[in-house]
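The block underneath contains the structure these notes are about, expressed in structure tokens.
Atoms within each ligand, like the ligands themselves, are counted from 1 in listed order. Computed from a predicted structure; not experimentally measured.
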Amino acid sequence: MYACGPTVYDYGHIGNFRTFLQIDVLRRFLKLSGIPIRHVMNITDVDDKIIRNAGKAGLPIGEYTAKYVSAFFEDMEALRIERPEQMARATEHIPAMVALVQRLAEAGAAYRAEDGSWYFRLSAFPEYGKLSKKDLSGISDGARVDVDEYEKDSARDFALWKAAKPGETTWESPIGRGRPGWHIECSTMAMEYLGESFDLHAGGEDLMFPHHENEIAQSETATHKPFARHWMHVRFLLVDGRKMAKSEGNFFTLRDLLLKGYRASAIRLALISVPYRHQLNFTFDGLTEATRAIERLRTFRDRLTGNALAAGENPALQSAANDAQEQFMAALGDDLNTADARAAIFELVRAANTAMDQGQLFSGDRDAILAVLKEFDAVFDVLEDRDDEPTRRAIAWAQSSGREAAIAPELLVRESLSDEAIESLIAERTQAKKQRNFAHADQIRNELAEKGVILEDSKEGVRWKRK
Ligand code: AMP
Ligand code: ZN
């Protein structure tokens, strides 16, 4: 499968990451179902916006984009989005793009304009519009557009190759000096790694038209074969009913939210819990809800594994675990219904918590429930607490880039203690208790609590977590 990746002209916002997260859900579900996958994602590292911004910064585009490419991978990792098998950078595939333009020209579907740019002739592909099912009957033959992203419903001959303009990054080629258009990048890289026909092509809903229509037109005109057999378009993340977008100024980056004290796992859960087919309205309440949900899961798992359970089995609970597992897979199998999949697991957690309260959960039930949690986590990946590192990295990034003001004060307090410092305070407290110096022990507990560290005494010793 091929997924349109980021355009690396700036830090990605969480709308962009919602799309990549939903594709990650698809990828993980396919793997869980035993389907081998090869997932290609491109990085658009040359386009109108990159050239404009790099020019303003007085940098070659490669130097300008390097920072955003590494930020993209860091953010992907923080959100636990698995790396595609193949990442493909546009600037590393220029000769193949040129070859595709030449192939289209030979087929009579590409022509050179007076300024040396090359355009795709829309009239060469009568099926144009079949993906977005747009009525394009009003297209005027020969009208052209040379920007990568253009207005809805204005289908035009679009640029395949843009002639060199003064000061722009360009490549010498048999079709003249210039640079590729955005659409030809994806057609070329998809076919390079996956062949002329492949199973699935994904991206955000805004890409359906014109980007994906243009990819289909270019590819199918050149090969006379179906390009992608299936398409997945992730609906938008909205803010107050409007698309989250750089241009609207209504966006948050992952880093913005981490610095406000939200955890990477909660952001992941909030962005995937509403299925990809539905738009999702971003709210801070939504993040708080996700934080609590994860807390409930982790507490339940700790309770299940940390406590000695009486020997025996509860058949009703085991069948609840089976049902939850089946419902989970069935929901995801039903067009990736993450909401129902998640609900099935939380229902099991509720039932098992109740059983535990009533002494009706036995040691023989533990493995069946843990197996369900494991399967859930193969897709959702929020159970293990790995939240500290992304937050620390975001803080270090803010501190090293003059963004200290964005760091929530409570977060600085919360992160001021390292894990080692916490462990050593806990050891000191245990020692104090042994010596019956309860005042000192309480003092340490309170000091930790002020820094957001919560202690739980159990038979197995002291467990701690950050609030
Ligand atoms: P870009 O970096 O602008 O090329 O976008 C990367 C991906 O994010 C594309 O698949 C877009 O369709 C997607 N995208 C952009 N804005 C949003 C949004 N508000 N919600 C969901 N996906 C988005
Ligand atoms: Zn693309």
What atoms of ligand 1 come closer than 4.0 angstrom to any heavy atom of [X]?
| X | answer |
| --- | --- |
| G15 | 17 (C), 18 (C), 19 (N), 20 (N), 21 (C), 22 (N), 23 (C) |
| M244 | 16 (N), 18 (C), 19 (N) |
| T19 | 10 (O), 13 (C), 21 (C), 22 (N), 23 (C) |
| F20 | 6 (C), 7 (C) |
| G204 | 10 (O), 12 (O) |
| P6 | 2 (O) |
| K243 | 16 (N), 19 (N) |

Any N or O of [X] that comes nearer than 3.5 Å to an N or O of ligand 1?
| X | value |
| --- | --- |
| W182 | no |
| R235 | no |
| V234 | no |
| C4 | no |
| T7 | yes |
| L207 | no |

State whether the number of non-hydrogen atoms from other residues, nucleotides or ligands found under 6.0 Å of [X] atom [atom1] is greater than 12.
| X | atom1 | value |
| --- | --- | --- |
| R303 | CZ | yes |
| K130 | NZ | yes |
| D335 | CG | yes |

- Report yes or no: does H211 have an N/O/S atom closer than 2.8 Å to the Zn ion (ligand 2)? yes
- Message: Tell me whether the Zn ion (ligand 2) has H183 as a neighbour, meaning an N, O or S atom of it below 2.8 Å.
- Response: no
- Message: Which heavy atom of A264 sits nearest to which heavy atom of D387, and what is that distance?
- Response: N-OD1, 3.7 Å
- Among T91, T7, T65, whose side-chain hydrogen bond (donor to acceptor under 3.5 Å, both in side chains) with D45 holds? T91
- Do we get K260 above F252's six-membered ring, with its NZ or CZ under 6.0 Å from the centre and within 45° of the axis? no
- Task: Could you check which of D206, N16, D10, N250 puts a non-hydrogen atom nearest to atom 3 (O) of ligand 1?
- Result: N16
- Message: Testing the 3.5 Å rule here: is there a donor-acceptor pair between the side chains of T223 and E196?
- Response: no
Under a 4.0 Å N-O cut-off, is there an ion pair linking [X] with [Y]?
| X | Y | result |
| --- | --- | --- |
| R393 | E77 | yes |
| D302 | R298 | no |
| D24 | R268 | yes |

- Item | T338 side chain to I272 backbone, donor-acceptor under 3.5 Å | yes
- Message: Below a 4.0 angstrom heavy-atom separation, can you tell me which part of L237, side chain or backbone, both or neither, approaches ligand 1?
- Response: both
- Query: At a 4.0 Å cut-off, with the gap strictly under it, does some heavy atom of K246 reach an atom of ligand 1?
  - Reply: no
